[in-house]
J.: 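The structure is given below, and queries will be raised subsequently.
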Amino acid sequence: MTIEVGSQAPDFQLKDNHGRTVRLSEFRGEKNVVLVFYPFAFTGVCTGELCALRDELPRFENEGTQLLAVSNDSIHTLRVFAEQEGFEYPLLSDFWPHGETSRAYGVFDEEKGCAVRGTFVIDKEGVVRWSVVNGLPDARDLNDYVKALEAL
C-alpha cells in the first residue's frame with residue numbers, strides 16, 4: 001500500500017551512484033525532498049523522465065529542495081547511467097536488501113522485481129505532502145511536481 005499524503009515519510013539509508021550513504025532524515029529541517037522511484041536504468045521511459053529532471057534541475061535541486069531518484073539497480077549500474085546521461089543529482093540504489101525502501105513506500109512490484117513510477121514530495125518536516133504513482137509504462141508529468149513544491 002502506497003504511503004499516504006499527510007503521513008511521515010519512511011526514513012531510509014541508501015548508497016548513491018558514487019557509493020556515498022544518503023539518508024532521508026539528513027534533509028529534515030533543511031530541505032523539501034522530491035523522491036522519485038523509477039523501475040530501471042537505461043530503459044526508454046526511465047531515461048526520458050530522468051533526462052527531463054536533469055534539464056529542469058534548478059527547479060528540483062536548489063537551496064530549498066533536494067531531488068533523489070531511486071531504483072533497484074546496483075550502484076555500479078547507476079554510476080555508468082549517470083555518467084552517460086550527465087545526471088548531477090543522486091541516483092540511489094535500493095538493490096540490497098532488494099526493494100526494501102521501495103516496499104516501505106508501497107511502490108515495489110513483487111512480480112516484476114522493481115519499483116513502479118512513484119513520486120513523493122516531502123516537506124522539511126518529513127511529511128509526505130503530495131504523491132503520484134504510475135504503472136511501469138506511464139511517464140509522469142514534471143509540471144505536477146513543480147505545482148506540488150510551489151504549494152509548500
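Every heavy atom of this structure was used, including side-chain atoms; hydrogens, water molecules and symmetry mates were not.
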J.: Can you give me the closest heavy-atom contact between Pro137 and Val45, atom names plus distance?
T.: O-CG2, 4.0 Å

J.: Within a strict 4.5 Å, meaning less than it, do heavy atoms of the Val132 and Asp144 side chains meet?
T.: no

J.: Would you indicate whether the side-chain heavy atoms of Asn72 and Phe37 approach each other to under 4.5 Å?
T.: no

J.: Does Glu61 reach the main-chain N or O of Tyr89 with its side chain, forming a donor-acceptor pair under 3.5 Å?
T.: no

J.: Measure the spacing between CZ of Phe95 and OG of Ser102 and express it to the nearest 0.5 Å.
T.: 12.5 Å

J.: Angle class for the Phe81/Tyr38 ring planes (parallel below 30°, perpendicular above 60°, tilted otherwise)?
T.: tilted

J.: Is any side-chain heavy atom of Leu14 closer than 4.5 Å to one of Ser93?
T.: no

J.: Are Thr77 and Phe42 side-chain neighbours, meaning at least one heavy-atom pair lies under 4.5 Å?
T.: yes

J.: Taking all atoms of both residues into account, what is the closest heavy-atom pair of Ala41 and Asp73, and its distance?
T.: N-OD2, 2.8 Å

J.: Compare all side-chain heavy atoms of Val121 with those of Val128 and state whether any distance is below 4.5 angstrom.
T.: no

J.: For Thr21, run the side-chain hydrogen bond (donor to acceptor under 3.5 Å, both in side chains) check against Lys15, Glu26, Gln13 and tell me which one passes.
T.: Lys15

J.: Is it true that Glu150 and Lys147 make a salt bridge, defined as a side-chain N closer than 4.0 Å to a carboxylate O?
T.: no

J.: Salt bridge or not for Glu100 and Arg103, using N-O below 4.0 Å?
T.: no

J.: Check whether any side-chain N or O of Tyr105 sits under 3.5 Å from a backbone N or O of Pro10 as a donor-acceptor pair, and report yes or no.
T.: yes

J.: What heavy-atom pair brings Val107 and Gly118 nearest, and what distance separates the two atoms?
T.: CG1-CA, 4.1 Å

J.: Is any side-chain heavy atom of Leu53 closer than 4.5 Å to one of Leu142?
T.: yes

J.: Looking at Asn134 and Arg117, would you say the former's side chain and the latter's main chain have a donor-acceptor pair under 3.5 Å?
T.: no

J.: Salt-bridge test for Arg28 and Glu125: reply yes if a basic N is under 4.0 Å from a carboxylate O, no otherwise.
T.: no

J.: Hey, mind stepping through Val34 and Thr65 against side-chain contact (heavy atoms from CB on, under 4.5 Å) and telling me if it holds?
T.: CA-CA 7 Å; Val34 177; Thr65 305; 3.9 Å; yes

J.: Within a 6.0 Å radius of atom CD on Glu110, are there more than 12 heavy atoms belonging to other residues, nucleotides or ligands?
T.: yes

J.: Give the minimum heavy-atom separation between Asn32 and Asp123, together with the two atoms involved.
T.: OD1-CA, 3.2 Å

J.: Does some side-chain heavy atom of Trp130 sit less than 4.5 Å from a side-chain heavy atom of Leu152?
T.: no

J.: In Å, rounded to the nearest 0.5 Å, how long is the span from CZ of Phe12 to CG of Leu24?
T.: 4.5 Å

J.: Could you tell me the separation between the CG atom of Leu35 and the OG atom of Ser131, rounded to the nearest 0.5 Å?
T.: 11.0 Å

J.: With rounding to the nearest 0.5 Å, note down the distance linking CD in Glu83 to NE2 in His18.
T.: 7.5 Å

J.: Could you go through Tyr145 and Thr119, starting from their C-alpha distance and side-chain angles, then the distance that decides it, and tell me whether this counts as side-chain hydrogen bond (donor to acceptor under 3.5 Å, both in side chains)?
T.: CA-CA 8 Å; Tyr145 306 178; Thr119 303; 3.0 Å; yes

J.: Shortest non-hydrogen contact from Ala82 to Leu91?
T.: CB-CD1, 3.8 Å

J.: Counting only N and O atoms by type, is there a donor-acceptor contact under 3.5 Å from the side chain of Arg54 to the main-chain atoms of Glu85?
T.: yes

J.: Check for a donor-acceptor pair, side chain of Asp94 on one end and backbone N or O of Thr101 on the other, with a separation under 3.5 Å.
T.: yes

J.: Check whether Lys31 reaches the backbone of Asn62 with its side chain - one donor and one acceptor, N or O, closer than 3.5 Å.
T.: yes

J.: Over all heavy atoms of both residues, which pair between Glu49 and Asp138 is shortest? Give the atoms and the distance, please.
T.: OE2-O, 4.5 Å

J.: Within this structure, what is the CD-CG distance for the pair Glu88 and Leu57, rounded to the nearest 0.5 Å?
T.: 7.0 Å

J.: Thr47 side chain to Thr43 main-chain N or O, any donor-acceptor pair under 3.5 Å?
T.: yes

J.: Atom CG in Leu92, atom OG in Ser71: separation rounded to 0.5 Å?
T.: 9.0 Å

J.: Parallel under 30°, tilted from 30 to 60°, perpendicular over 60°: which one fits the rings of Phe108 and His98?
T.: perpendicular

